[in-house]
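Here it is, the structure, as C-alpha cells.
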Amino acid sequence: QVQLVESGGGLVQAGGSLRLSCKASGGSFSTYAMGWFRQAPGKEREFIAGFSRNGGSTYNGDSVKGRFTISRDYAQNTVYLQMNSLKSEDTAVYYCAAGRAFTTASLKSLGTYDYWGQGTQVTVSS
C-alpha cells in the first residue's frame with residue numbers, strides 16, 4: 001500500500017552535515033507514523049527519530065539529540081532527517097519506515113512499522 005524511497009546519503013567529512021529525504025507514495029501520508037533508523041554492518045538496526053500518528057516526535061537519546069532533527073512536508077509526502085556535526089560513528093545505512101504508532105514510545109519498536117524504504121548509505125570520514 002505504501003512505497004518509501006530514501007535519498008540524500010553520501011560521503012561527508014566529520015563535522016559536516018547531510019539532509020536525508022524519504023518520499024512516500026501509495027497511501028495517506030498524514031495518517032502514518034514515520035520513523036528513521038540506521039544500521040551499520042554487523043550491528044542491530046537502531047531507532048533514530050520519528051513522528052507518531054498524532055504528530056508527537058521523539059529522538060533516540062544522547063547519540064543524536066542536539067545534532068539530528070526530524071521534519072515533514074505534507075504537501076510533498078516527505079519526511080526529512082537533518083544531520084549536523086556528523087561523527088564517524090554515524091556511518092551506516094539509513095532507513096525510513098511507516099507504521100501505526102499512536103505514541104512516541106511505540107516509535108522505537110521495529111514491530112510497529114509495516115513499510116520500509118530501501119535505505120541510503122551515509123559515510124562519515126575522519
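What's counted below: heavy atoms across the whole structure, side chains too, no hydrogens, waters or symmetry copies.
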What is the distance from atom CD of Q1 to atom CG of D114, rounded to the nearest 0.5 Å?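 Atom-to-atom, Q1:CD and D114:CG are 8.5 Å apart.
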
Hey, could you give me the OG/CD distance between S126 and Q13, rounded to the nearest 0.5 Å?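 Taking OG in S126 and CD in Q13, the distance rounds to 9.5 Å.
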
Heavy-atom distance under 4.5 Å between the side chains of F68 and W36, does that happen here?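 Counting from C-beta outward, F68 and W36 never come under 4.5 Å.
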
Can you tell me if N54 has over 12 outside heavy atoms packed within less than 6.0 Å of its CG?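 Result for CG/N54: enclosed.
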
Using the rule that Ile, Leu, Val, Met, Phe, Trp and Tyr join whenever any side-chain heavy atoms are under 4.5 Å apart, tell me whether V79 and V2 fall into a single cluster.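 Yes, because V79 and V2 connect within a single hydrophobic cluster, where side-chain heavy atoms sit under 4.5 Å apart.
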
Taking all heavy atoms of Q76 and all of K23, pick out the closest pair and write down the distance.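 So the minimum-distance heavy-atom pair works out to O-NZ, 2.7 Å.
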
Cluster question for you: counting only ILVMFWY and a side-chain heavy-atom cut-off of under 4.5 Å, with indirect links fine, are V122 and F37 together?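 No, V122 does not connect to F37 through the hydrophobic network.
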
What's the shortest heavy-atom distance between G56 and T104, and which atoms?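 In this case the closest contact between G56 and T104 is C-CG2, 3.7 Å.
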
Determine whether F47 and L110 make a side-chain contact, defined as any pair of heavy atoms from C-beta on separated by less than 4.5 Å.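 In short, these two side chains do not touch, never coming nearer than 4.5 Å.
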
Assess, by modelled atom type and distance only, whether the side chains of T103 and S106 contain a donor and an acceptor separated by less than 3.5 Å.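 There is such a pair (donor and acceptor under 3.5 Å, judged by atom type) between the side chains of T103 and S106.
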
With heavy-atom distances below 4.5 Å as the criterion, would you say the side chains of L107 and T112 are in contact?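 No, their side chains stay 4.5 Å or more apart.
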
Taking atom CG of N77 and atom CD of Q3, what is their separation to the nearest 0.5 Å?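 Taking CG in N77 and CD in Q3, the distance rounds to 12.5 Å.
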
Give a yes or no on this: more than 12 heavy atoms of other residues, nucleotides or ligands lie within 6.0 Å of atom CD of Q118.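 Yes, the 6.0 Å shell around CD holds more than 12 heavy atoms from other groups.
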
Hydrophobic clusters here meaning ILVMFWY residues chained together by side-chain heavy-atom distances under 4.5 Å, can you tell me if Y74 and Y115 are in one?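 Yes; tracing contacts between hydrophobic side chains, which count when under 4.5 Å, links both residues.
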
Does R19 CZ have over 12 foreign heavy atoms under 6.0 Å away?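 Not more than 12 within 6.0 Å, no.
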
Could you give the distance from OG1 (T91) to CG (L11), rounded to the nearest 0.5 Å?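 Here the rounded value is 8.5 Å.
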
Least distance between heavy atoms, Y59 atom then A49 atom: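 In this case the closest contact between Y59 and A49 is CD2-CB, 3.5 Å.
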
Of the non-hydrogen atoms in A92 and A40, which two are nearest, and what is the gap between them?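 Closest approach of A92 to A40, heavy atoms only: CB-N, 3.8 Å.
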
If you apply the rule side-chain contact (heavy atoms from CB on, under 4.5 Å), what do you find for T58 with K108, and how did you get there? CA-CA 9 Å; T58 191; K108 301 178 180 180; 4.0 Å; yes

About how many Å separate OG1 of T123 and CG of L86, when rounded to the nearest 0.5 Å?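 Taking CG in L86 and OG1 in T123, the distance rounds to 11.0 Å.
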
Where do I70 and G50 come nearest, in terms of heavy atoms and distance?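 Scanning both residues completely, I find the closest heavy atoms to be CD1-CA, 3.5 Å.
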
Quickly, which of D90, N60, T120 forms a side-chain hydrogen bond (donor to acceptor under 3.5 Å, both in side chains) with R38? Name it, please.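 Only one of D90, N60, T120 forms a side-chain hydrogen bond (donor to acceptor under 3.5 Å, both in side chains) with R38, namely D90.
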
So if you build clusters from Ile, Leu, Val, Met, Phe, Trp, Tyr with side-chain heavy-atom gaps below 4.5 Å, do V12 and V64 land together?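 Yes, V12 connects to V64 through the hydrophobic network.
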
Going only through I, L, V, M, F, W and Y residues with side-chain contacts under 4.5 Å, is there a path from Y113 to L81?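 Different clusters: Y113 never reaches L81 through Ile, Leu, Val, Met, Phe, Trp or Tyr contacts under 4.5 Å.
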
Least distance between heavy atoms, S85 atom then S17 atom: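 Closest approach of S85 to S17: N-OG, 4.3 Å.
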
About how many Å separate OG of S30 and CZ of F51, when rounded to the nearest 0.5 Å?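 F51 CZ to S30 OG: 13.5 Å, rounded to 0.5 Å.
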
Is there side-chain contact between E46 and S63, with at least one heavy-atom pair below 4.5 Å?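 Yes; the side chains approach each other to less than 4.5 Å.
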
Taking C-beta and beyond as the side chain, do Y95 and Q39 meet within less than 4.5 Å on heavy atoms?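 Y95 reaches Q39 side chain to side chain.
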
